[in-house]
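Accompanying notes for the structure given below.
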Amino acid sequence: MNGLEILAPAKINLFLELIGKREDGFHELETVMCCVNLYDRLQFGCRSDSEVLLRESGRVQGMPDSKDNLIVKALQILQAKTGCSKGMEIEIEKGIPIQAGLGGASSDAAAALIAGNRLWELGLDSAQLLELSAELGSDVPFFIHGGMAICRGRGEIVSPIESVNRFPILIAKPPIGLSTPEVFSHCSIAETTQSCSPLLEALQMGNAKAIGESMINRLEEAAAKVSDWGIRMKEAFQKADCMAHQLSGSGSCYFGLFGNSKLLRKASAKLLQREPELALYYCQSIGRLAHQY
Ligand code: C5P
């Protein structure tokens with residue numbers, strides 16, 4: 001086999017609490033992330049020389065150049081750590097919005113590690129891939145696992161959550177993106193931090209009201225210092241009768257959970273009436289995909 005196509009999924013943060021600031025500049029956190037069926041499509045093909053070449057089908061505004069792209073970095077790290085002298089050609093079709101808090105770049109990086117390991121026949125196990133993935137970014141280990149998980153540390157300590165209900169999700173993308181370091185630079189730690197346990201119970205029961213009451217994203221206030229879109233979307237989701245909604249990650253996307261897809265469609269019409277500049281994505285939570293560990 002010398003080619004592989006991977007659909008790299010987006011994520012949302014159902015819970016994100018900041019526990020403290022670390023000496024390395026990162027924040028200690030507890031977050032519950034969940035993959036959704038919104039994807040980047042990546043096509044990998046082996047090269048006989050050692051080049052790693054990334055091509056985009058269609059220009060994506062805001063996507064880093066090849067040399068700064070996490071996909072290229074992921075494959076170069078694999079080459080460096082294993083001494084592999086083969087190269088890779090990657091074609092990417094972006095479906096996940098950029099600077100959106102949906103983890104697109106991290107998901108692409110995880111897909112690249114998995115593809116490199118398979119196509120170059122490196123034989124790394126999941127623990128070795130997880131270790132490498134943490135060097136690329138705090139959210140990359142989560143995407144090696146996929147599905148739903150609690151992530152701790154700076155995000156790299158992943159505990160998968162099994163057998164939760166699937167639910168319809170409406171993701172709203174405002175006409176701006178937000179920079180993760182900029183949002184984190186405005187954040188503060190709460191005096192009393194919340195635990196994700198009530199959310200996990202509510203998810204198991206599939207109770208939308210209880211889920212809404214136990215969701216939190218501690219980065220919302222920080223994101224509001226950078227852009228007023230978070231507050232605008234919160235008001236719009238409230239007015240659209242959505243019971244469980246918040247910012248995803250460091251934004252700029254905002255999402256709501258619904259009991260069924262009819263309620264989701266009704267809310268989306270109301271949202272667009274109030275905020276016509278929003279781009280809406282109809283999604284669902286998903287389990288682990290075939291390529292994930
Ligand atoms: O790990 P990643 O490269 O995705 O992080 C981007 C930026 O987000 C970091 O440089 C840091 O400013 C911030 N961050 C943080 N604490 C985390 C994760 C990210 O402060 N746990």
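Counting from 1, the numbers follow the sequence of the chain as shown. All ligand and atom numbering here is 1-based and tracks the order in the structure.
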**Message:** Is there a path of hydrophobic side-chain contacts, each under 4.5 Å between heavy atoms, that joins Phe255 and Leu280?
**Reply:** no
**Identified side-chain contact (heavy atoms from CB on, under 4.5 Å) partner of Leu102 from the options Asn13, Ile96, Val36** = Ile96
**Message:** Run Phe184 and His27 through ring-ring contact (aromatic ring centres under 6.0 Å, His included) and show every step you take.
**Reply:** CA-CA 8 Å; Phe184 267 101; His27 291 80; 5.2 Å; yes
**Contacts of Phe237 that satisfy ring pair (Phe, Tyr, Trp, His ring centres under 6.0 Å) - sequence neighbours left out** = His245, Tyr254
**Item:** side-chain hydrogen bond (donor to acceptor under 3.5 Å, both in side chains) assessment of Tyr282 paired with Ser261
**Value:** CA-CA 9 Å; Tyr282 290 10; Ser261 42; over 6 Å; no
**Complete:** All heavy atoms of Ala112 vs all of Leu75, minimum pair found to be O-CD2, 3.4 Å
**Request:** Compile the protein residues with any heavy atom at a distance under 4.0 Å from an atom of ligand 1; present them by chain, then by number.
**Result:** Gly25, Phe26, His27, Leu29, Gly137, Ser138, Arg154, Thr180, Pro181, Phe184
